[in-house]
2 protein chains.
Amino acid sequence: MSALSIGRLAADNGCKVQTIRYYEDIGLLPPPARSDGNQRRYTRAHARRLRFILHSRELGFSIADIRQLLALTDQPQQPCAEVDELAAAHLATVRRRMARLQAMEQELERMLNHCQHGEVRECRVIDVLADHALCATEHGPAQAEG
Amino acid sequence: MSALSIGRLAADNGCKVQTIRYYEDIGLLPPPARSDGNQRRYTRAHARRLRFILHSRELGFSIADIRQLLALTDQPQQPCAEVDELAAAHLATVRRRMARLQAMEQELERMLNHCQHGEVRECRVIDVLADHALCATEHGPAQAEG
DNA sequence: AATAAAACCTCTAGTCACTGTAGGTTCAAG
DNA sequence: CTTGAACCTACAGTGACTAGAGGTTTTATT
């Protein structure tokens, strides 16, 4: 009878104790049994589910996506088209982010290369930041989750 | 004599009215003069500063970075080494994020390519999410600001 | 068995960079 | 002079955690 404490579960899987409690709060991890003193005691099923969540997060899936993916795993005999769609949509998002970062990278490189390392008054970095017309690319707005 | 309303300033520069008020709140934009009826009236200097902020944000600089950059522009006769350092550090951050996104991209591609489009029970996407050992790369944790 | 330290508990607030809403006031056009 | 758009302040919410306060339980050592 594996009865993991929350600290053990966290250490085993490389996350913080608070993160596990958070996933329980938002309903991603089912509430585990409790000890006589009200401390959480996890089974291997919990550990599996936690690993799924953590790994999906590492691959950039949102909590909302993961919620859906977990729901789909509870329907093992259904076709996996929905899973694939979710993953494909996420892949597209990742690619959009990469494109934006690439545009940023190019502009940052460009401005650093043009800087003469003199005074701030004549600094190319400052000039470019002050005027988008000096940019070579159309870089969109910044955005979250890399 | 140019006396821009907040709505005009926002429209001219492609941001939201609230964003401008927010930048004032946190001390990035100086409080402008007010009309008799207490509405904000901006000068071209405000517009310039706002564009600097917005453009820096587009290039992925944090508000903290921008605060520093703005402080440096107020010292035009100083050497621009600090500016360059900030930009270089940011470039490094951008590259780290790109590398992480690239790892994600590879794994997502791989799992989608291996999926047989059968049932969830045997879906490669689900399998990989459940077990990091099935990954080809060491992809670190996700993270913010793309 | 007693003690002390480490780990656990709940609850709340903070992070970042905004965005949205409520409830009220002012401005510009007709 | 009226209407409606734009403005005002103040506060709550977003995502995905993270950190802290203040108190309880477990575990290890003596």
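First the proteins, then the strands, lettered A, B, ... as listed; each starts at 1.
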Take atom [atom1] of [X] and atom [atom2] of [N], then tell me their distance rounded to the nearest Å.
X      : N       : atom1 : atom2 : result
Q18(B) : dA6(D)  : CD    : P     : 13 Å
Y42(B) : dC7(D)  : OH    : P     : 10 Å
R8(A)  : dT27(D) : CZ    : C1'   : 15 Å
R34(B) : dT26(C) : CZ    : P     : 12 Å
D65(B) : dA17(C) : CG    : C1'   : 13 Å
I20(A) : dT10(C) : CD1   : C1'   : 17 Å
L29(A) : dC17(D) : CG    : P     : 12 Å
L28(B) : dA17(C) : CG    : C1'   : 11 Å

- Mutual orientation of the aromatic rings belonging to F61(A) and H90(A) [parallel < 30°, tilted 30-60°, perpendicular > 60°]: tilted
Heavy atoms from C-beta onward define the side chain here; which of [options] lies closest to that of [X]?
X      : options                  : result
Y22(A) : dC17(D), dC18(C), dC7(D) : dC17(D)
I6(B)  : dC8(D), dC17(D), dT21(C) : dC8(D)
T19(A) : dC18(C), dT18(D), dC8(C) : dT18(D)

- Query: Is any side-chain N or O of S5(A) closer than 4.0 Å to OP1 or OP2 of dA7(C)?
  - Reply: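 No, outside the criterion.
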- DNA chain D: 5'-proximal contact among K16(A) and R40(B) (nearest heavy atom): R40(B)
- Query: Sequence neighbours excluded, which residues qualify as ring pair (Phe, Tyr, Trp, His ring centres under 6.0 Å) partners of Y22(A)?
  - Reply: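 Applying ring pair (Phe, Tyr, Trp, His ring centres under 6.0 Å) to Y22(A) gives none.
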- Message: Minimum heavy-atom separation for L29(B) and L50(B), please, with both atom names.
- Response: CD2-N, 4.0 Å
- Message: Please give me the minimum heavy-atom distance between R49(A) and L28(A), naming the atom from each residue.
- Response: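 Distance-wise, the nearest heavy atoms are NE-O, 2.9 Å.
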Pull out every protein N or O sitting under 3.5 Å from an N or O of nucleotides 24-26 of chain D, one pair per line with the distance.
residue : atom : partner : partner atom : Å
dT26(D) : OP1  : S35(A)  : OG           : 2.9
dT26(D) : OP1  : G37(A)  : N            : 2.8

- When the nearest nucleotide of DNA chain C is assigned to A64(B) and to R21(B) on a heavy-atom basis, which residue is associated with the more 5' position?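 Residue closer to the 5' terminus by nearest nucleotide: A64(B).
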- Message: Give me each pair satisfying ring-ring contact (aromatic ring centres under 6.0 Å, His included) with a member in residues 102-127 of chain A, each pair once, sequence neighbours excluded.
- Response: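 Qualifying pairs: none.
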- Message: I want to check something: taking the side chain as every heavy atom from C-beta on, are H55(B) and H139(A) in contact at a cut-off of under 4.5 Å?
- Response: yes
- Query: Do L134(B) and D131(B) have side-chain heavy atoms sitting under 4.5 Å apart?
  - Reply: yes
